[in-house]
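These notes concern the structure reproduced below.
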Amino acid sequence: MYAQMIKSEATQEDPEKLAAFQARIDAGEKIEPKDWMPQGYRKTLIRQIGQHAHSEIVGQLPEGNWITRAPTLERKAILLAKVQDEAGHGLYLYCAAETLGVTRDELTEMLLDGRMKYSSIFNYPTLTWADMGAVGWLVDGAAIMNQVPLQRTSFGPYSRAMIRICKEESFHQRQGYDIMMKMANGTPAQKKMAQDALNRFWYPSLMMFGPSDKESVHSEQSMAWKIKMNTNDELRQKFVDQTVPQAEYLGLTVPDENLKWNEETGHYDFSQPDWSEFFDVLKGNGPCNRERLAARNKAWDDGKWVRDGLLAHAEKKAARRVAAE
Ligand code: 3HC
């Protein structure tokens with residue numbers, strides 16, 4: 001259906017409509033689901049919102065790993081609430097994508113068979129409790145840096161979903177930083193765990209913003225359509241500038257020998273992540289890609305009886321209604 005939908009729109013690309021559409025974007029108007037839109041705009045949104053939704057859902061796995069082993073009841077309750085929030089974010093985003101004419105089932109199938117991506121970061125393992133701190137602080141921190149501007153994105157349902165999501169992500173980042181503060185100010189062994197978590201999550205967090213602007217395939221068009229509000233490199237730099245002082249406050253060291261404040265630019269100079277590792281993770285070869293997809297496929301298979309039951313109930317109800325009419 002997704003492929004059909006894209007094809008059936010091919011006839012609509014008339015230059016006048018395209019110009020009027022771009023004028024609306026340039027004037028800062030929101031585009032709503034029933035408005036005319038170029039097929040590329042619709043396709044880009046389905047790809048980006050779908051990937052984003054999948055990231056929220058797959059992102060529950062590395063943290064879900066620690067719910068049963070949280071060090072206190074309070075930490076467990078907080079982590080549980082955070083993981084539930086991520087499920088909610090996934091649902092708002094699937095709903096936003098559905099307004100573009102794709103179904104949630106279609107998106108899910110494309111995730112499960114590898115046709116759609118999710119954020120590279122969730123293919124890294126969470127080895128210690130300190131990783132819950134690093135994920136909240138760095139991963140949710142990077143997500144917010146990317147998502148705050150997306151509150152102003154041109155597609156109405158996506159923009160509105162982002163407003164709620166950003167509020168919750170701020171809480172997530174604070175809970176992560178709070179864990180890091182406790183660990184960094186704890187025993188030498190706890191501080192070492194916090195440093196180790198920062199060492200392992202620093203570069204994968206920088207990768208979350210996507211490839212460098214030179215290598216980014218979609219940025220130029222997405223920014224012209226205001227689907228994206230900033231380039232990947234702009235957001236990565238903002239993230240580094242914001243996070244380095246936070247690491248210093250914790251008494252931890254960012255694992256980058258080239259990290260240096262640059263008076264001239266007013267920004268930190270920093271080392272780029274290993275981009276060959278990034279592209280390898282995207283190809284499915286990260287430390288946890290197989291495990292993550294296997295977990296989502298298992299959840300889908302295990303939930304079949306629920307979906308079948310709900311569908312049978314809905315069909316029965318509809319048949320009863322028809323018979324009564
Ligand atoms: N992980 C996986 N794939 C990535 C990626 C990443 N970190 N960064 C880029 N890519 C992929 C792109 O999807 C694209 O592949 P495709 O053409 O097959 O879809 C390719 O690499 C080239 O990258 P581009 O820069 O051209 O791609 P985009 O213009 O889409 O930019 C993006 C990438 C900045 C991630 C953008 O899609 C975006 O802003 N997305 C919305 C935010 C989002 O998805 N965030 C997920 C973060 S995790 C999260 O929110 C969960 C929370 O709980 C922490």
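Counting convention: from 1, in listed order, for ligands and their atoms alike. When reading the values below, keep in mind they use all heavy atoms of this one structure, side chains included, and skip hydrogens, waters and symmetry mates.
Each of the following atoms of ligand 1 lies closer than 4.0 Å to a heavy atom of G210: 8 (N), 9 (C). Close approach to Y158 involves these atoms of ligand 1, each under 4.0 Å from a residue heavy atom: 41 (C). Counting the atoms of ligand 1 from 1 in the order shown, those under 4.0 Å from a heavy atom of S120 are 1 (N), 2 (C), 6 (C), 7 (N). Less than 4.0 angstrom separates some heavy atom of E86 from each of these atoms of ligand 1: 52 (C), 53 (O). Atoms of ligand 1 lying under 4.0 Å from any heavy atom of K228, numbered from 1 in the order shown and given with element: 25 (O), 28 (P), 29 (O), 31 (O). Set against the non-hydrogen atoms of F122, the atoms of ligand 1 under 4.0 Å away are 48 (S), 51 (C).
Heavy atoms of E215 found under 4.0 angstrom from ligand 1: none, in either backbone or side chain. In H172, neither the side chain nor the backbone holds a heavy atom less than 4.0 Å from any atom of ligand 1. Looking at L235 against ligand 1, nothing comes within 4.0 Å, counting heavy atoms. The part of F278 lying near ligand 1 is the side chain, judged by heavy-atom distances below 4.0 Å.
Remark: the backbone N or O of W225 is paired with a side-chain donor or acceptor of S154 at under 3.5 angstrom. For the pair R236 (side chain) and L206 (backbone), a donor-acceptor distance under 3.5 Å is present. No donor-acceptor pair under 3.5 Å is formed between the side chain of S159 and the backbone N or O of F155. In this structure, the side chain of D35 engages the main chain of E32 through a donor-acceptor pair within 3.5 Å.
In this model, no donor atom of one side chain and acceptor atom of the other lie less than 3.5 Å apart for T103 and D105. Between the side chains of N123 and Y118, at least one donor-acceptor pair of N or O atoms lies under 3.5 Å.
Taking only nitrogen or oxygen atoms, main chain and side chain alike, K117 reaches within less than 3.5 Å of ligand 1. The distance criterion of under 3.5 Å between nitrogen or oxygen atoms is met by S216 with respect to ligand 1. At under 3.5 Å, not a single nitrogen or oxygen of S55, backbone or side chain, sits near a nitrogen or oxygen of ligand 1. Between P211 and ligand 1, a contact under 3.5 Å exists for no N or O pair.
With atom 54 (C) of ligand 1 as the reference point, the heavy atom nearest to it among A143, G59, G136 is part of A143. Of all the listed residues (I49, L282, V139), L282 holds the heavy atom that lies closest to atom 3 (N) of ligand 1. Distances from atom 39 (O) of ligand 1 to the heavy atoms of L206, T231, N146 put N146 nearest. By heavy-atom distance, the residue among H218, H54, M162, E63 lying nearest atom 17 (O) of ligand 1 is H218.
Interatomic distance, I67 CD1 to Q60 CD, rounded to the nearest 0.5 Å: 8.5 Å.
Within the 4.0 Å cut-off (strictly below), a protein heavy atom is located near atom 52 (C) of ligand 1. Of the protein's heavy atoms, at least one falls inside 4.0 Å of atom 42 (C) of ligand 1.
Screening residues 249-259 for side chain to side chain donor-acceptor pair (under 3.5 Å), with sequence neighbours left out, gives D256-S271, N258-S271.
In this view, F270 satisfies the ring-ring contact (aromatic ring centres under 6.0 Å, His included) rule with no residue, not counting sequence neighbours.
Salt-bridge annotation for R164 and E168: present, with a side-chain N of the basic residue lying under 4.0 Å from a carboxylate O of the acidic one. At a threshold of 4.0 Å, the pair D178-R174 does not count as salt-bridged, since none of the basic side-chain nitrogens sits closer than that to a carboxylate oxygen.
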